[in-house]
Amino acid sequence: ALWTVTDLPPELDFTHEFGSMKRTVEKVSENRMHIRTTLKVKAQTIDVSDIAKFNQLLDTYITQSVIRFYGEPSNAEQ
């Protein structure tokens, strides 16, 4: 392998009255990982009075959708 994963993204389990976001992270090997993010939105329509709260949920989804991980070159002989 040319590189090694050094830092994984955090797992996430966020619940809101309008939906949820869950992320699981699994390091499969030194240079492979599986990341699964699931978004759920409970309703297709919301009341006008709930728009601000719903937009907060969307803002959280946007902020938390960034996935960052870090690695470094592997010292394996070629």
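These numbers come from the heavy atoms of this one structure, side chains and all, not from hydrogens, waters or symmetry mates. Source: prediction; values computed, not measured.
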## Note on the structure
Looking only at heavy atoms, the pair that brings Ile35 and Pro9 closest together is CD1-CG, 3.7 Å

### Query
Can you name the nearest heavy-atom pair linking Leu8 to Met33, along with the distance?
CD2-SD, 3.6 Å

State, with a plain yes or no, whether a side-chain heavy atom of [X] is found less than 4.5 Å away from one of [Y].
X	Y	answer
Ile46	Phe18	yes
Thr60	His16	no
Leu57	Phe14	yes

### Summary
In short, side-chain hydrogen bond (donor to acceptor under 3.5 Å, both in side chains) pairs touching residues 35-47 with sequence neighbours left out are Arg23-Thr37

### Message
Is it the case that the side chain of Glu11 and the backbone of Thr24 share a donor-acceptor pair, with hydrogens and angles ignored and the cut-off at 3.5 Å?
### Response
no

### Message
I'd like to know if the side chain of Thr6 reaches the main chain of Tyr70, judged simply by a donor and an acceptor atom lying under 3.5 Å from each other, with no hydrogens or angles considered.
### Response
yes

Rounded to the nearest 0.5 Å, what's the gap from [atom1] on [X] to [atom2] on [Y]? Could you check?
X	Y	atom1	atom2	answer
Lys22	Gln64	NZ	CD	15.5 Å
Thr4	Arg32	OG1	CZ	14.0 Å
Leu39	Met21	CG	CE	5.0 Å
Leu58	Tyr61	CG	OH	8.0 Å
Ser65	Leu12	OG	CG	10.5 Å

### Task
Take Asn31 and Leu2 through the side-chain contact (heavy atoms from CB on, under 4.5 Å) test and state the conclusion after the steps.
CA-CA 8 Å; Asn31 66 338; Leu2 296 176; over 6 Å; no

### Task
Run the numbers on Lys27 and Val5 for side-chain contact (heavy atoms from CB on, under 4.5 Å), then give the verdict.
CA-CA 8 Å; Lys27 188 172 181 180; Val5 175; 4.2 Å; yes

